[in-house]
Amino acid sequence: MSSTTNEPARTAVGANPASINTGEPLVRIQDVHKYFGAHHVLRGIDMTVKQGEVSVIIGPSGSGKSTLLRCVNLLETISAGRIYVRDELIGYREDNGRLHDLTSKEIANQRREIGMVFQRFNLFPHRTAVQNIIEAPTQVKRQSKAQAKAKALELLDRVGLADHANHYPAQLSGGQQQRVAIARALAMEPELMLFDEPTSALDPELVGDVLNVMKDLAKSGMTMIVVTHEIGFAREVGDTLTFMDGGVVVESGDPRRLIADPQHARTKEFLGRVL
Amino acid sequence: MSTRTPSGTTSRAGEAPREPELIKAVPVRHPGRWVAIVIILAVVALVGQSLVTNSNFRWDIVRTYILDVLVIQGIGWTLVLTVLSMVLAIILAILLAFMRQSDNPIFRYISWFWVWFFRGTPVYTQLVFWGLIAVLYPKISAGVPFGPQLFSFNTQDLITSFVAAVLGLGLNESAYLAEIFRAGLKSVDSGQMEAAEALGMRKSKIMWRIILPQAMRVIVPPTGNETIGMLKTTSLVLAVPFTLDLTFVSSAIANRIYLPIPLLIVAAFWYLVITSLLMVGQHFVERHYGKGVDNLVPAPVKATQAVTAAHTTPTTIAPEEGGHI
């Protein structure tokens, strides 16, 4: 991973051209179940996301797609199954066939490798755009303020908001806030980015800017799992499309083929309603 | 702030944009307000007259003692008591509020018990208790339980009446403040915690840098309230007994000269002055923690950016109409 840091300007921040579509699995989700009390939300999910791949998850609300995404980042704990990111078991340490909870420090370390973008942006309202971005690099990675700031301005430029570095979130539109949130996640140089319905809270005319940033990110080789309702994005950018319903994966495969020719009645019905 | 006049704009080539004619409606009249004003002015005049003419107020005595050295020292001690006990209370309250939200059940129980105990007994009782601590424990020593002693000293040397007063006021206040801080922490959207966690930040860091600064917006106004309350609660320290504060000093003078009313006026005047100063301080603290939410100072932007322009739309109310009732 570190070999890319000194490469020429073609290499955008966070990009990793050396590993684009190497076909190595980065995320392995194995028979994952999740209960909220008696409510069985995830009912045995299996999914693999390869290095450099854009994996898009669609499905009706309540299908468990957001919950699955949150499990990858330990915002929810899984009830059964295993999730591996880069061969590292998420949330637990396996010792002689027994699972041990990770300490909060170990959990924080795992999360550093995984960036997350939320539906409601969740920017820190008391910090300006640039302060939002440098928070984790300076506090978690102990980068110097100057170094983190230079990187933050570069990232803001990349998401088209170089002029807005000193704006507070309340002074930004929803689309601008979400792009700052993407820059904030990228500042930690994650190897995986999770997007939890990143455009669902946006006015229609602002969706495009955010999707464009995500497209550029996908092109740069970032591994991404995207929960969305944007079928167009899935078709254009996605490498795989997964349709979830009722806590199970109904159908998964090449986005263009799946959208054009869904095999299951439920997929057909869902696509018929959203397209 | 100039009034726009429809004729004042000359558009190029005689086309639009044309300034619209601003509405100048005749406002509704409120005769009731004038009646109320007359009545209120009459009452104020009567009270004012009595303040001047009623010799029982003894303004000469008020003037003599308002800058009396004992009174000024009393103000100093009252301020010191207020500040120290509030600082102690705030430190404890942050700790208690964090403990209450902790994953560790022991911390949660201790925090709950502390609030239950110190909020559930009168502050007067607690002050008397701290004053009597030397009776209960004449010597304070630390050591291994049932083992050797490491050090020991007389309680009276350590817990003077001043320390007892600060402890009594501070510990009692910490219970109330803990609830205010807890409410503040709860007011912060849970998405903030998740976002910070997703960035790999540790819980303690998230609390200090992300959650608490946002919670302060909610915490500061009631804490200002409590500070002003504390200023006046210091008048109870005679229970310890601590006898240098403003209330005790002024009533001691009153008892000596047999004139309680002018000394009450002296004390009330100074409490009002301090309260007013505290309110000014609170205004600045609130402004600090309102950053990004309540007071959006226009960020330095390039000329092409007009995002903040929306916050400074031109006033269209004509100035001469602003003051009418």
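Lettering follows sequence order; numbering is per chain, from 1.
- Among all heavy-atom pairs drawn from A/Asn73 and B/Ala198, the shortest one is ND2-CB, 3.4 Å.
- Proximity to chain A is absent for every atom of B/Arg217, based on heavy atoms less than 4.5 angstrom apart.
- More than 12 heavy atoms of other shown residues, nucleotides or ligands fall within 6.0 angstrom of atom CZ in A/Phe36.
- Taken from CG in A/Asn122 to CE in B/Met193, the straight-line distance is 12.5 Å, to the nearest 0.5 Å.
- Formation of a donor-acceptor pair under 3.5 Å by the B/Glu197 side chain with backbone atoms of A/Ala108 is not found in this model.
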Go through the steps for A/His126 and B/Gln214 under the test side chain to side chain contact (heavy atoms under 4.5 Å, CB included), then give the verdict. CA-CA 7 Å; A/His126 60 306; B/Gln214 294 182 55; 3.5 Å; yes
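- The shortest heavy-atom contact between A/Arg127 and B/Ile210 is NH1-CD1, 4.4 Å.
- In this structure, CD on A/Gln139 lies 11.0 Å from CD1 on B/Ile206, to the nearest 0.5 angstrom.
- Residue-environment remark: NZ (A/Lys141) exceeds the threshold of 12 foreign heavy atoms within 6.0 Å.
- B/Gly292 approaches A/Ala170 most closely through the heavy-atom pair O-CB, 3.6 Å.
- Among A/Glu113, A/Met116, A/Arg120, A/Arg184, the residue making the largest number of heavy-atom pairs under 4.5 Å with chain B is A/Arg184.
- Between B/Gln192 and A/Pro125 the shortest heavy-atom distance is OE1-CD, 3.5 Å.
- When the shell of 6.0 Å around NZ of B/Lys205 is examined, it contains more than 12 heavy atoms from other residues, nucleotides or ligands.
- Smallest separation of non-hydrogen atoms from B/Met201 and A/Val140: CG-CG2, 3.5 Å.
- Within a 6.0 Å radius of CZ in B/Phe107, no more than 12 heavy atoms belonging to other residues, nucleotides or ligands are found.
- With a 4.5 angstrom heavy-atom cutoff, A/Leu123 touches chain B only via backbone atoms.
- Once rounded to the nearest 0.5 Å, the distance linking CD of B/Glu194 with CG of A/Leu74 reads 12.0 Å.
- In this structure, A/Arg112 places its CZ atom where more than 12 heavy-atom neighbours from other residues, nucleotides or ligands lie under 6.0 Å away.
- If you measure heavy-atom distances from A/Ile114 to chain B, the contacts under 4.5 Å come from the backbone alone.
- Side chain of B/Lys203 to backbone of A/Ser104: no donor-acceptor contact under 3.5 angstrom is found.
- Across every non-hydrogen atom of A/Phe124 and B/Ala195, the tightest pair is CE2-CB, 4.3 Å.
- Proximity to chain A is absent for every atom of B/Asp103, based on heavy atoms less than 4.5 angstrom apart.
- Only the side chain of A/Glu135 comes within contact range of chain B, with at least one heavy atom under 4.5 Å from a heavy atom of that chain.
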